[in-house]
Structures are given as structure tokens and as C-alpha cells.
Trainee: 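Below are the C-alpha cells for one structure; questions will follow.
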Amino acid sequence: MSTALVNARVLTPEGFKADRAVLVKDGRVEDLVPASDPRLKAAERHDLAGRTLLPGFIDCQVNGGGGALFNATPSVDGIRTIALAHRRFGTTGLLPTVISDSPEVMRAAVAAVDAALATVPGVLGIHIEGPYLAPARKGVHAEATLRRPEAAESAWLAGALKRGKCLVTLAPEQVPPGFIRALASSGVIVAIGHTDGDYLSMRRALADGARGFTHLYNAMSPLKSREPGAVGAALEDPASWCGIIVDGHHVHPASLRVALTAKPRGKLFLVTDAMPTVGAADPSFLLNGEAIVERD
């Protein structure tokens, strides 16, 4: 028997509709129908009492949740803890994100995601953020972990996952010529981030196959009158995707409006860049040996 989700504000491609119902069968959305559809009579009705119903969120940058930091617990159990914590808040698909660390930790993270893809609902792949980042734009990444890639690393990244998506954030000026092209041609999604490179280096990276920018505005060379930088390249390019952290702190509302105006509709997407405090009772955690406490 199908289940009918009724009496809700349903998000559709045309906006929110109050006269729609969602039919679900065997755990999958079967159809979006008018409230008058005769199939609703034969379905088990679930009344949402006027609440809002929309598709689950997909988050491409999740460092932790439920008290777990992926870098500290690069395991299937760690991933499961993170995914369950975010699911409570509507995120039904995510990329566990490992930030710059030792080669051993980063390889363990990849192996854990590869295993979790078969057993943990909602895991879509991995986001490898670093370690090929600019020290001048390192953000929270430990400078001691940042480095340039060794000769064989593009081949390792290309075959890192047997299934799922592999997203790699790097600074174009920190990798050798041909590195981005090699990754992109192998199916790795390359994003530009934590970069101090100039506009022309961003254009070359995009021409080589980079497809987007990680947390637009943050940890990248800014837009200036004579040097557009990474921000200018991101806003100008109609094809690239830009993740952005919209929490009222990382990006000023006016900067957000500029990005929404500059980018084609759909090319700007929300990320949380979330840490272990999501869904956790403890507001503190350790990052690179330093105690971090969530406030406000």
C-alpha cells in the first residue's frame, strides 16, 4: 500500500503548494499529485498538519556531527555517527569531509567512506579538502600538514573510491601543471579553495577541468579593482558551481546578494562546513590538538 503525505506546504519546482500530496511506496517518492487525486483514497494517509515538506538536503561539506570529527574518527562508525546526527536536521545525503592531515589519516578516511557507501544511508562519497592548499589562506587547516602533491598522487586520488563521488578541494597554485586535468579526466570533481592564486591561475584551473569553488569568499583571494582574484573568477564564470556558508557570520548578507545576482540560478549551493557540535550535547571538541568551543 502507498502512503499519502497530505495537508502540507509542499515545495515544488514552481514554489510551495498547499494543494499537493506526496505518494510514497516502498520507501521511495512515487508521485506528487493534486489533493483531489483518486489514488489518495486507497493510500494510508499521513496528515502533516500544515507543516512544510521538502526534499532532503544534500551537504557537500560535512566535517563532523554527533560529537564525532571525521579526521579524528576516520571509520565507518564515525561516518555513521555523523550521518545520523545530520539526518535529524533534514540532511539525507552528504559528503564526509576530511581536511588536511597526515597521508595515513587521509587514506584511512577514503577507505572508511568506500566501506560506508555500502552500509551507511546518505553517504554519497567523500570530500577531500587539502592538503594541497595555500598556507596564506589555510584557515583552520594546520600549516604543517599542507604540501604539494607527489608524482603518483593524482593516480591514487583517481582510484581512491570504488563507488560514490570524490570531490577534491585544492589551490591551483599549489599543484603542478596537468594535475587538475589528470584528476578531472579520471572523474574526480575538482574544486578550487583555500587559494591565494590570481585570476589568471583560476581561469587556467577552470579550463583544465575544475568545476567549482569551495565556500565562496572564505579562504580565497578577494575581488579587487585590478586583480579579480579567485572570488572574481568564481562570480564571473557561469558554468562553475560555488558552495557557500550562509550562517550570517562567514559571509555578509550583501556579499551573498552579490553572489546570487552574479551566478546563474542553481549554481550557488549551501554547505554547512559542519563540525562535531551538530546534534551533540557537548559544545566543545578538539581540532588539531586545540580545544574549540561553540558559542552563539
Trainee: For the CD1 atom of Ile192 and the CD1 atom of Ile180, what is their distance to the nearest 0.5 Å?
Mentor: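 It comes to 6.0 Å.
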
Trainee: Heavy-atom count check: over 12 atoms from other residues, nucleotides or ligands less than 6.0 Å from Arg147 CZ?
Mentor: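 Atom CZ in Arg147 is crowded, with more than 12 foreign heavy atoms closer than 6.0 Å.
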
Trainee: Any idea which heavy atoms bring Gly197 and Ser221 closest together, and the distance?
Mentor: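 Reported closest heavy-atom pair: O-OG, 2.6 Å.
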
Trainee: Quick check: is Leu69 connected to Ile99 through a chain of hydrophobic side chains (ILVMFWY, heavy atoms under 4.5 Å apart)?
Mentor: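 In one cluster: yes.
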
Trainee: So, for Thr81 and Gly66, which heavy atoms are closest and what is the spacing to 0.1 Å?
Mentor: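 Taking Thr81 first and Gly66 second, the nearest heavy atoms are CG2-O, 3.6 Å.
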
Trainee: Distance check, rounded to the nearest 0.5 Å: Leu270 atom CG versus Cys242 atom SG?
Mentor: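 One gets 12.5 Å once the value is rounded to the nearest 0.5 Å.
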
Trainee: Under 3.5 Å, is there a donor on one side chain and an acceptor on the other for Ser100 and His141?
Mentor: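 Their side chains do contain a donor-acceptor pair, which is all the 3.5 Å distance test asks for.
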
Trainee: Tell me the closest heavy-atom pair linking Ala184 and Val190, and the distance in Å.
Mentor: N-CG2, 4.3 Å

Trainee: Are any side-chain N or O atoms of Lys263 and backbone N or O atoms of Glu236, one a donor and one an acceptor, separated by less than 3.5 Å?
Mentor: no

Trainee: Are any non-hydrogen side-chain atoms of Val251 and Asn218 less than 4.5 angstrom apart?
Mentor: yes

Trainee: Nearest 0.5 Å, please: how far is CG in Leu48 from CG in Leu5?
Mentor: 5.5 Å

Trainee: Mind jotting down which residue pairs meet the salt bridge (charged side-chain N to carboxylate O under 4.0 Å, His left out) criterion with at least one end in residues 77-91? Sequence neighbours excluded, please.
Mentor: Asp77-Arg80

Trainee: Just jot down the side-chain hydrogen bond (donor to acceptor under 3.5 Å, both in side chains) partners of Thr73, sequence neighbours excluded, or say none.
Mentor: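 Partners of Thr73 by the side-chain hydrogen bond (donor to acceptor under 3.5 Å, both in side chains) criterion come out as none, since no residue qualifies.
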
Trainee: Nearest 0.5 Å, please: how far is SG in Cys166 from CD1 in Ile128?
Mentor: 4.0 Å

Trainee: Would you mind listing every side-chain hydrogen bond (donor to acceptor under 3.5 Å, both in side chains) that reaches into residues 30-41, with sequence neighbours excluded?
Mentor: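 Passing the test, one end in residues 30-41: Ser2-Glu30, Asp31-Arg39, Asp37-Arg39.
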
Trainee: Once ring pair (Phe, Tyr, Trp, His ring centres under 6.0 Å) is applied, what residue pairs with a partner in residues 44-71 remain, sequence neighbours excluded?
Mentor: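 For residues 44-71: none.
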
Trainee: List the atom of Pro276, the atom of Ala280, and the distance in Å for their closest heavy-atom pair.
Mentor: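 Heavy-atom minimum between the residues: O-CB, 3.4 Å.
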
Trainee: Checking the side chain of Lys224 only, and the main-chain atoms of Gly232 only, is there a donor and an acceptor separated by less than 3.5 Å?
Mentor: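 A pair under 3.5 Å: no.
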
Trainee: Could you go through the side chain to side chain contact (heavy atoms under 4.5 Å, CB included) check for Ile292 and Thr277 one step at a time?
Mentor: CA-CA 10 Å; Ile292 310 294; Thr277 51; over 6 Å; no

Trainee: Quick check against the 3.5 Å criterion: does Glu150 have a side-chain atom that pairs as donor or acceptor with the backbone of Ala152?
Mentor: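 Side chain of Glu150 to backbone of Ala152: no pair is present.
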
Trainee: When hydrophobic residues are tied together by side-chain contacts of less than 4.5 Å, even through go-betweens, does Val22 share a cluster with Leu54?
Mentor: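 No, Val22 and Leu54 fall in different hydrophobic clusters.
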
Trainee: Would you compute the distance between atom CG of Asp26 and atom OG1 of Thr3 and round it to the nearest 0.5 angstrom?
Mentor: 9.5 Å

Trainee: Return the set of residues passing ring-ring contact (aromatic ring centres under 6.0 Å, His included) with His250 (not counting sequence neighbours), or none when no residue passes.
Mentor: none

Trainee: Would you say that Met275 contacts Leu287 through its side chain, given a criterion of any heavy-atom pair below 4.5 Å between the two side chains?
Mentor: yes

Trainee: Within a 6.0 Å radius of atom CZ on Arg163, are there more than 12 heavy atoms belonging to other residues, nucleotides or ligands?
Mentor: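 Buried by this count: over 12 neighbours within 6.0 Å.
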
Trainee: Check the pair Asp296, His249 against side chain to side chain contact (heavy atoms under 4.5 Å, CB included), reporting the backbone distance first and the verdict last.
Mentor: CA-CA 11 Å; Asp296 303 320; His249 175 75; over 6 Å; no

Trainee: Answer yes or no: is there a donor N or O on one side and an acceptor on the other, between the side chain of Ser284 and the main chain of Asp282, under 3.5 Å?
Mentor: no

Trainee: Atom CG in Leu157, atom CG in Leu183: separation rounded to 0.5 Å?
Mentor: 5.5 Å

Trainee: Check side-chain contact (heavy atoms from CB on, under 4.5 Å) between Phe89 and all other residues, then give those that pass, not counting sequence neighbours.
Mentor: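 Only Val278 meet the side-chain contact (heavy atoms from CB on, under 4.5 Å) criterion with Phe89.
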
Trainee: Could you pull out the closest heavy-atom pair between Ala158 and Val188, with the gap in Å?
Mentor: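 Looking at all heavy atoms of both residues, the shortest contact is CA-CG2, 3.9 Å.
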
Trainee: Any side-chain hydrogen bond (donor to acceptor under 3.5 Å, both in side chains) pairs touching residues 175-192, not counting sequence neighbours?
Mentor: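 Found Arg181-Asp208.
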
Trainee: Are the side chain of Ser240 and the backbone N or O of Gly212 linked by a donor-acceptor pair below 3.5 Å?
Mentor: no

Trainee: Which side-chain hydrogen bond (donor to acceptor under 3.5 Å, both in side chains) pairs, counting each pair once, include a residue from residues 165-175, with sequence neighbours left out?
Mentor: His127-Thr169, Thr169-Thr214, Glu173-Thr195

Trainee: May I ask you to test the Pro176-Arg148 pair for a side-chain heavy-atom distance under 4.5 Å?
Mentor: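 Heavy-atom side-chain distance check fails, nothing below 4.5 Å.
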
Trainee: Decide yes or no for Val62 and Pro96: does some side-chain heavy atom of the first lie under 4.5 Å from some side-chain heavy atom of the second?
Mentor: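 They are not in contact (no side-chain heavy atoms under 4.5 Å apart), so the answer is no.
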
Trainee: Does one hydrophobic cluster hold both Leu167 and Ile245, with members joined at side-chain heavy-atom distances below 4.5 Å?
Mentor: no

Trainee: Is there any ring pair (Phe, Tyr, Trp, His ring centres under 6.0 Å) pair reaching into residues 199-229, and which pairs are they, with sequence neighbours excluded?
Mentor: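 Qualifying pairs: His194-His215.
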
Trainee: So which atom in Val76 and which in Ala115 form the shortest heavy-atom distance, rounded to 0.1 Å?
Mentor: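 Closest approach of Val76 to Ala115, heavy atoms only: CG2-CB, 3.6 Å.
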
Trainee: Apart from Val33 itself, what residues make up its hydrophobic cluster, given side-chain heavy atom links below 4.5 Å?
Mentor: Leu23, Leu40

Trainee: Linking I/L/V/M/F/W/Y whenever any side-chain heavy atoms sit under 4.5 Å apart, do Met220 and Leu170 land together?
Mentor: no

Trainee: Check residues 131-139 and write down every donor-acceptor pair under 3.5 Å in which the side-chain atom is one partner and the other belongs to a residue at least two apart or another chain.
Mentor:
unit_1, atom_1, unit_2, atom_2, d
Tyr132, OH, Glu153, OE2, 2.9
Arg137, NE, Asp196, OD1, 2.9
Arg137, NH2, Asp196, OD1, 3.2

Trainee: Any link between Phe269 and Leu216 through a network of hydrophobic side chains (Ile, Leu, Val, Met, Phe, Trp, Tyr) touching at under 4.5 Å?
Mentor: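 Different hydrophobic clusters.
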
Trainee: Can you pull the side-chain hydrogen bond (donor to acceptor under 3.5 Å, both in side chains) pairs that have at least one residue in residues 52-71, sequence neighbours excluded?
Mentor: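 Every side-chain hydrogen bond (donor to acceptor under 3.5 Å, both in side chains) pair that includes a residue of residues 52-71, provided the two are not neighbours, is Arg9-Thr52, Asp59-Thr272, Gln61-Glu129, Gln61-Asp273, Asn63-Asp273, Asn71-Asp101.
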
